[in-house]
Amino acid sequence: MPAETGDRRQHGDGTGDLDDATATAAADSGVPVTERGQASPEGDQAGPPRRHPYDPRAWALWQRPKRFIVFLFAMEAIGIAIMVVATMNSANPGRIDWVRFAILAVGATAHIQLTQRQEERRRDRSRTVLIDLTAVWTFPAAVILPLSLTLSIIAIVRIQHWFIARRPAHNFVFSSVTHGVSVTLASLTFAAFGPHEWGRISGWDTLGEFGVLIVTGMVFEAVQIAYIGGILAIGSPKRPSMSTVLGNTADNLLEAITIGLGAVTAVLLLIMPPMVIVMAVVTVVFNRLAEIDQLQNDARTDPKTGVLNMRGWSESAERALGRTARSDDNLALLMIDLDHFKWINDTYGHPAGDDVLRDVARKLDEVTRPADVIGRFGGEEFLVLLPDIDETAAKLAAERVRSAIAELHIVTTDKRGSRVTISGRTTSIGAALFPRHGESLEELLHASDAAVYVAKENGRNQVRFAQDVDRPAPPPVT
């Protein structure tokens, strides 16, 4: 799904490739299409002539909203102007600059080629923002090379990505401009604090240079956020969330580490150039670790809603329950069942039902605490584990969830593709308390499930707590 839109920040914009655009145009005109997105011979007889995929009229870009197209061209124009003006006023490269350029170019090429398959797999599994590690080579270029050579490093990286990513041309151009303007502004920022003679500084002066690197890295990242976050927010058909625009905590931590590795590469290149070979090895290994982390996250996450699946939720819930039992605290479990969910699928279609599930999951994340564990139980049911909470607070939390879902206005499409808004959806919530209604996760699940049935039998759109469980008294201490 993803299509590139940044050096480290990449995302899926849903435009598809050039063949997809051709297929869309043919479908809109009633022309039969084959599995490769080309009009069939039968369709050619009755419909408009086929357009070559590289015909500008067949570009996927024109399928996007007008505001997306305007933003894309405006930001590209601004970025190109910044790069041209800055390059015209930059210093000419010297012999040592060419040597450093060659080292970074070789390192970036080795990194991209050795991690090609890993990046393809990570890109295909990513649903929102994808962070790669090429900033290990582009950030040091912005810090130590003249701007003309820095942009040449970007060109080397981007040309290789063109053959690897195989994304729509407008995505590739926009991401390339994003790279260029981010390193340009980072380079200008670093130069503004100059001159920098790292080989001669010591003591407290190193702290000053460290601070300059931090500021430069922040500018480098801010440009990425402005460009890519902006295009994600404007291009999204629904109200974007922070995680879909900026990435989750793990994504941004990986990005911060990547910029840090780029700073280390710059230091090594100035003081001990042969050690840059070590960074090439580090990037390959680190890329593999990032893929493993993504695989582990995918195994625990529900792909439709982005919350934990039953496996991931059970693992986290068991750990939370264990901590609660050891500390003799309280805990609550909410089972949330969307009322009449089948009616949504039957009336508007399953894609609309999926949009409802995604918005409910997003709302649950907004109205719960960071320590609460949210998961999808299956179908239209969600689970929320509430650690360190008493009965009164659990009732308030359950009512907050119920009312928040009832207030949702979900923008989606019906079976004919027309825009519709689904609102006024209700939920039946069953709640169980630890240890009052169960001492194990299985017992709590059974108790909350029974409470959901009580809520539905009594008219739905309400919160019901599980019945108290009669437990045998502990044996007397002798």
Side-chain angles (χ1 to χ4, degrees), residues 5-9 74-94 96-97 100-101 103-104 108 131-158 174-201 204-231 246-247 252-271 279:
T5 54
D7 185 11
R8 299 164 328 285
R9 288 182 174 269
M75 296 300 283
E76 286 179 349
I78 293 172
I80 291 172
I82 291 173
M83 287 185 283
V84 170
V85 173
T87 303
M88 291 175 61
N89 293 280
S90 66
N92 294 323
I96 187 63
D97 294 322
R100 292 166 178 166
F101 165 80
I103 293 174
L104 288 177
I131 308 298
D132 66 31
L133 301 180
T134 53
V136 174
W137 311 105
T138 58
F139 183 72
V143 170
I144 65 176
L145 293 182
L147 188 55
S148 58
L149 294 184
T150 299
L151 293 176
S152 297
I153 290 290
I154 295 297
I156 290 173
V157 170
R158 297 307 303 153
F174 185 80
S175 62
S176 298
V177 171
T178 301
H179 301 335
V181 73
S182 65
V183 297
T184 298
L185 293 179
S187 178
L188 294 175
T189 301
F190 188 75
F193 289 95
H196 306 277
E197 298 181 355
W198 288 356
R200 300 180 181 179
I201 62 174
W204 293 105
D205 291 337
T206 58
L207 292 179
E209 289 298 308
F210 178 71
V212 172
L213 282 175
I214 292 178
V215 173
T216 304
M218 293 174 64
V219 172
F220 185 77
E221 173 59 15
V223 176
Q224 299 273 339
I225 292 175
Y227 271 70
I228 298 165
I231 203 72
L246 302 180
N252 288 282
L253 178 60
L254 176 61
E255 191 159 20
I257 294 173
T258 302
I259 296 175
L261 290 174
V264 172
T265 302
V267 174
L268 292 176
L269 192 57
L270 288 175
I271 298 176
M279 296 308 300

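If you're wondering where the values come from, they're calculated on a predicted model, not measured in any experiment.
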Output for pair (L207 CG, E209 CD), nearest 0.5 Å, gives 10.5 Å
In short, N89 meets V85 closest at the heavy-atom pair ND2-O, 2.7 Å
key: Parallel, tilted or perpendicular: rings of Y227 and F174 (30°, 60°)   = tilted
To the nearest 0.5 Å, atom CD1 of I82 lies from atom OG of S182 at 11.0 Å
Correct closest heavy-atom pair for G180 and I154 would be N-CG2, 4.2 Å
Here the gap from L104 atom CG to L269 atom CG, rounded to the nearest 0.5 Å, amounts to 5.0 Å
For this session: Starting from the C-alpha separation in whole Å, work towards a yes-or-no answer on side chain to side chain contact (heavy atoms under 4.5 Å, CB included) for T178 and M75.
Result: CA-CA 9 Å; T178 301; M75 296 300 283; over 6 Å; no
Those residues at least two apart in sequence (or on a different chain) that pass side chain to side chain contact (heavy atoms under 4.5 Å, CB included) with V212 are F190, F193, H196, T216
So OG1 of T189 and CE of M218: to nearest 0.5 Å the spacing works out to 11.0 Å
**Prompt:** With distance as the sole test, does S187 use its side chain to make a donor-acceptor pair with the main-chain N or O of V183 at under 3.5 Å?
**Reply:** no
* Tell me, with the steps shown, if R100 and I96 meet side chain to side chain contact (heavy atoms under 4.5 Å, CB included). => CA-CA 6 Å; R100 292 166 178 166; I96 187 63; 3.6 Å; yes
Output for pair (I156 CD1, T134 OG1), nearest 0.5 Å, gives 13.0 Å
Worksheet entry | Heavy-atom side-chain contact between P93 and F101 under 4.5 Å | no
Residues M83 and V181: closest non-hydrogen pair is SD-N, 3.8 Å
- Could you walk me through whether H179 and V157 pass the side chain to side chain contact (heavy atoms under 4.5 Å, CB included) check? CA-CA 10 Å; H179 301 335; V157 170; 5.5 Å; no
message = Would T265 and F139 count as a side chain to side chain contact (heavy atoms under 4.5 Å, CB included) here? Give the steps.
response = CA-CA 9 Å; T265 302; F139 183 72; over 6 Å; no
Between the CZ atom in F220 and the OG1 atom in T138, the distance rounded to the nearest 0.5 Å is 4.0 Å
Donor-acceptor contacts, no H, no angles, side chain residues 142-150, under 3.5 Å, sequence neighbours left out:
residue : atom : partner : partner atom : Å
T150    : OG1  : A141    : O            : 2.8
T150    : OG1  : L145    : O            : 3.4
T150    : OG1  : P146    : O            : 3.2

